[in-house]
*Asks:* 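Could you have a look at this structure, given as structure tokens, before my questions?
Sequence lines set the chain letters: A, B, ... in the order given, protein chains first and strands last, and positions in each chain run from 1.
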There are 2 protein chains.
Amino acid sequence: MTQSDTVTCVVADDHPAVLEAVAEYLTQAGISVLARAHDGEEALERIEQRKPQVALVDVRMPRLGGIEVTRRAKRSAPNTAMLLYTGYGDRALLTEALDAGVRGFVLKEAPMEDLLRAVRSVAAGNTYVDPVLAGTLAASSVGSQMPQLTQRERDVLRLLADGLSNEEIGKRLFISAETVRTHVRKAMEKLDADTRTQAVARALRDRLIA
Amino acid sequence: MTQSDTVTCVVADDHPAVLEAVAEYLTQAGISVLARAHDGEEALERIEQRKPQVALVDVRMPRLGGIEVTRRAKRSAPNTAMLLYTGYGDRALLTEALDAGVRGFVLKEAPMEDLLRAVRSVAAGNTYVDPVLAGTLAASSVGSQMPQLTQRERDVLRLLADGLSNEEIGKRLFISAETVRTHVRKAMEKLDADTRTQAVARALRDRLIA
DNA sequence: ACGGCCGTCACCCGTTTCGGGGATCCCCGG
DNA sequence: CCGGGGATCCCCGAAACGGGTGACGGCCGT
């Protein structure tokens, strides 16, 4: 609400060029850029300090990704609308982001005007998803839905990809090796994989894990 | 050579924000930005038309990647120094880029000043590699050089990633399961992996297999 | 209040893989 | 001609895997 016309915003991106360009552009468009951040943790700090109406954060950043920033900011600054900015529009990513509570999702390929529209849109309480991405979203939800793994399943697959055994993964996640096995099997099922190795390969290829 | 002091440049990036910021920054630093491009093909056209001293192009672009642009520009505009700009510094990528004839390689995380230095450096005939990347390059060339797998090893890993068992892979390649095991083990050794799953993950990430 | 999904853990069974050996062939280069 | 690397094959004991089933507590939505 309601100090109506100036939209306040925090911008975060690990690429100086992007940060510069975006902040500059928004400022000239009449958006008040309260702070800039070069990584996720810095972004979170700024958001908590300044409580902007909108936080425009890059998805891929050192130390803390945009989605994780969103999850944390949800609690510490619930009134800030999170707007993710990413160079790569992935269906799985978008889903995860929306689950995390993101209010908008803009691709870096989009013209700068779209960015401005997105900022104004989420500031006004609406949701904004990049039109291109919205297209693929619609397209892919008809045919085959990309299987969505739970957080735990992704954790396990991730460590599996790093060569850890069930036992080691269990230690790492503070759960028993049996539970790890269960997660792996569920993930295999969802990914329609015959072996854990194939599950990891699929997850990697579909960017369900990094 | 030799119309010495103004460096001419073409900039290409599919992200408007980046393109804007970079072009702006270079211009203010006294670089003459002859043209901008939003994708690889456009970049190639501009380079061929304008024959700039330096072409600063993003690696990941629609239609034509920066490396492919480099290969083609090598023929059509051999005097233009190709400078790649990328958000993600991959060892394999760097190698491929240098093979393609790239003269410089800058990460988007680097401060803008580095970009300027890189442009001036390659314009002057030198090679420039982002210090961060150069670090990992050095580190990895001392310890372990990028492991190269034999054709057979790649075949096996490829099928492994598709969820086949040793036995099935053997049938597919007309060899015994034991031999498959040998190849997997050799590959694991080369990739410094503890498990076959990790070997596949590494091979996928390093693009040793598709 | 109920069902459903998630995360957790456990046990069983047969198959597969692992890690470490050794072995043969062939081809290429010094 | 001999060495080395690649590709092929084999054996063993121990460990991990896949597949099925059962169970318990939370949390969420209805």
*Asks:* Per the side-chain contact (heavy atoms from CB on, under 4.5 Å) rule, which among B:Leu115, B:Val122, B:Val10 passes with B:Leu56?
*Replies:*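 Filter result, single survivor: B:Leu115.
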*Asks:* Can you measure B:Leu173 atom CG to D:dC9 atom P for me and round it to whole angstrom units?
*Replies:*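 Rounded to whole Å, this separation is 11 Å.
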*Asks:* Got a sec? Which of residues 158-165 of chain A come in under 4.0 Å of DNA chain C, heavy atoms?
*Replies:*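 Nothing qualifies; none.
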*Asks:* Is the phosphate of D:dA16 approached by A:Asn166 (side-chain N or O, under 4.0 Å from OP1 or OP2)?
*Replies:*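 For D:dA16, OP1/OP2 do not have a side-chain N/O of A:Asn166 under 4.0 Å.
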*Asks:* Atom CD1 of B:Ile169 and atom C1' of D:dT8: how far apart are they, to the nearest Å?
*Replies:*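 So the two atoms are 16 Å apart, to the nearest Å.
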*Asks:* To the nearest Å, how far apart are A:Arg152 CZ and C:dC5 P?
*Replies:*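 After rounding, the gap between these two atoms is 20 Å.
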*Asks:* Starting from P on D:dG6, measure out to CD1 on B:Ile175 and report it in whole angstrom.
*Replies:*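 From B:Ile175 CD1 to D:dG6 P: 15 Å.
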*Asks:* Using whole Å, report how far CE of B:Met188 lies from P of C:dT17.
*Replies:*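 For the pair B:Met188 CE and C:dT17 P, the rounded distance is 12 Å.
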*Asks:* Atom CD of A:Glu189 and atom P of D:dG19: how far apart are they, to the nearest Å?
*Replies:*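 Rounded to whole Å, this separation is 10 Å.
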*Asks:* So do A:Met82 and A:Val57 actually touch side chain to side chain, heavy atoms under 4.5 Å?
*Replies:*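 The answer is yes, as the side chains (C-beta and beyond) meet within the 4.5 Å cut-off.
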*Asks:* Side-chain contact, heavy-atom cut-off 4.5 Å: B:Arg103 with B:Leu83?
*Replies:*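 The answer is no, as the side chains (C-beta and beyond) never meet within the 4.5 Å cut-off.
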*Asks:* Report yes if at least one side-chain N or O of A:Arg181 is closer than 4.0 Å to OP1 or OP2 of C:dC9; otherwise report no.
*Replies:*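 Answer no for this pair, as no side-chain N or O of A:Arg181 is under 4.0 Å from OP1 or OP2.
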*Asks:* Quick check: do B:Thr197 and B:Leu160 have side-chain heavy atoms less than 4.5 Å from each other?
*Replies:*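 Result no, sub-4.5 Å side-chain heavy-atom pair not found.
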*Asks:* Closest to the B:His183 side chain: D:dC10, C:dC9, D:dA7?
*Replies:*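 Of the candidates, D:dA7 comes closest.
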*Asks:* Which residue lies toward the 5' end of DNA chain D, A:Asp194 or B:Thr179, if each is placed at its nearest nucleotide?
*Replies:*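 This one resolves to B:Thr179.
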*Asks:* Under the 3.5 Å rule, do the base of D:dC9 and the side chain of B:Thr182 count as making a donor-acceptor pair?
*Replies:*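 Indeed, a donor on one side and an acceptor on the other fall under 3.5 Å apart.
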*Asks:* C:dG7, OP1 or OP2 - any side-chain N/O from A:Thr150 closer than 4.0 Å?
*Replies:*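 Yes.
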*Asks:* Rounding to a whole Å, what distance do you find between B:Glu153:CD and D:dT8:P?
*Replies:*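 My rounded result for the distance is 10 Å.
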*Asks:* Does B:Asp39 use its side chain to pair, donor to acceptor, with the backbone of B:Glu42 at less than 3.5 Å?
*Replies:*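 Such a contact is found between B:Asp39 side chain and B:Glu42 backbone.
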*Asks:* In whole angstroms, how far is the C1' atom of C:dC11 from the CZ atom of A:Arg185?
*Replies:*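 In whole Å, C:dC11 C1' and A:Arg185 CZ are 11 Å from each other.
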*Asks:* Please classify the nucleic acid contact of A:Arg196 as base, sugar-phosphate, or nothing, using heavy-atom distances under 4.0 Å.
*Replies:*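 Contact class for A:Arg196: sugar-phosphate only.
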*Asks:* Could you tell me whether the side chain of B:Val200 reaches within less than 4.5 Å of the side chain of A:Val200, counting heavy atoms only?
*Replies:*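 When only atoms from C-beta onward are counted, B:Val200 and A:Val200 do not touch, as no gap falls below 4.5 Å.
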*Asks:* Keeping A:Arg202 on the side-chain end and A:Leu191 on the backbone end, is there a donor-acceptor pair under 3.5 Å?
*Replies:*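 Confirmed, A:Arg202 side chain pairs with A:Leu191 backbone.
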